[in-house]
Undergrad: 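Below you will find the structure I want to go over with you.
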Amino acid sequence: MNHKLINRVKKAFSKEFHSNSLMIFSPGRINIIGEHTDYNDGYVFPAAVDKGIVAAFEKSSVTSSKVIALDLDEFYEFEIDSFVPQREQLWANYILGVIDELSKREFQIKNFNLVFAGDLPNGAGMSSSAALENSVVFGLNKLFELGLSKEEMIFISQKAEHNYVGVHCGIMDQYASIFGLKDQALHLDCRSIKATPFKIDLEDYQFLLINTNVKHILSESAYNNRREVCEYISSLLGVKALRDVSELDLITIKDKVSDEDFQKALFVIQENKRTIEATKAMSDGKLKRLGELIYASHHGLQHQYQVSCKELDFLVDATRDKEYLLGARMMGGGFGGCTINIIKTSEVDSFNQYIKEAYFNMFNVQCSIYDVTLSDGTHQL
Ligand code: GAF
């Protein structure tokens, strides 16, 4: 837990409002494997981490609400029953979107004050958006005693992202952020929304994230486009989602779709299988196999699904000849953000030095490296 961050939010809140606030922590996530499978009703294998959003709330004593984004040094004021999506302060849409979803469901929300800040790097593919949305729905649920279940909350957060932010995301990020468990990853079935927790024991290995520190433009429209392709192919096959088909089923419509779209659907079917196999490898302690599946996932994301970029590919390729690295792949939606690596703990320091230099020499940009600790989901502090 980042106590500095908590104190910073507390202090800012009491400076602006009152000292008695409701404090919420909502984490970001990693995803071991199972990328772009969630909106295909498939399987994912994420875990909440110890980095996220700290948010402080109180009911407002005036007829307006004020939200302060501490890291941006910006604020936004509005009235609870009259606001519209923002074009300038885009961050406000994550909050307004949640309120909008709550009012669509006829929950009675009054004006409130909120201060938030975080320690998740923006655009790193670690789900700062879901962490923020969840902190808001979780905080408002407590503040106004709405009686929402965690499952209801994640769907509200997801819809906020669809309708106010415009990204037609799946449910993985919101689920992992709210339901995360310390030292465990969640094998989530995105159709039944039921997860099996897996204790993560990487022996003398560990996860390491490397942030490219780039985010290529149009990543959001490319994300929505991938989802549309999957839905189109499902409709051609007469199924609800790609989760329902095998590679053999897909071949039956090969001549009706472009080769590019065929490869995208094939990726989803194969990634789903890899995710199931990965959980088995994890519970059998077959870390080498887990690493192979992670490399295969990247290969598919790069060549079939086409959501990688040169910076991510470089970081993955740079690990291939290192016998102390079991696997590496891009993580999250793609087009930038982080790679996730399984690396021998004793080699972390020397690898960090090597990769920082190699990446800088190649792109003239610094990469950032993070250790992660698997942690509990959204909770009151
Ligand atoms: C983003 C989305 F928000 C998730 O729902 C998921 O689709 C992921 O990209 C790709 O696996 O994080």
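All ligand and atom numbering here is 1-based and tracks the order in the structure.
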Undergrad: Taking 4.0 angstrom as the limit, do Arg8 and Asp71 come out as a salt bridge?
TA: yes

Undergrad: If you have a sec, work out which protein heavy atom is nearest atom 1 (C) of ligand 1 and how many Å separate them, to one decimal?
TA: Asp173 OD2, 3.6 Å

Undergrad: Name the orientation class of the two ring planes belonging to Tyr39 and His36 (parallel below 30°, tilted from 30 to 60°, perpendicular beyond 60°).
TA: perpendicular

Undergrad: Are a donor atom and an acceptor atom from the side chains of Glu79 and Thr63 found within less than 3.5 Å of each other?
TA: no

Undergrad: Can you figure out which of Tyr39, Tyr175, Tyr305, Tyr223 has its heavy atom closest to atom 2 (C) of ligand 1?
TA: Tyr223

Undergrad: Should the proximity of Arg29 to ligand 1, defined as any heavy atom under 4.0 Å, be assigned to the side chain, the backbone, both, or neither?
TA: side chain

Undergrad: Does Tyr305 have Lys264 sitting over its ring (NZ/CZ under 6.0 Å from centre, angle to axis within 45°)?
TA: no

Undergrad: Report yes if some N/O of Thr37 lies less than 3.5 Å from some N/O of ligand 1; otherwise report no.
TA: no

Undergrad: Say whether Gly170, considering both its backbone and side-chain N or O atoms, lies within less than 3.5 Å of an N or O atom on ligand 1.
TA: yes

Undergrad: Should we count NZ of Lys286 as having more than 12 external heavy atoms under 6.0 Å?
TA: no

Undergrad: Is the charged tip of Lys66 near the ring of Phe78: under 6.0 Å from the six-membered ring centre and within 45° of its axis?
TA: no

Undergrad: Tell me the protein heavy atom at minimum distance from atom 8 (C) of ligand 1, and give that distance in Å.
TA: Met172 CE, 3.8 Å

Undergrad: At what distance is the nearest protein heavy atom to atom 5 (O) of ligand 1, and which residue and atom is it?
TA: Asp38 OD2, 2.5 Å

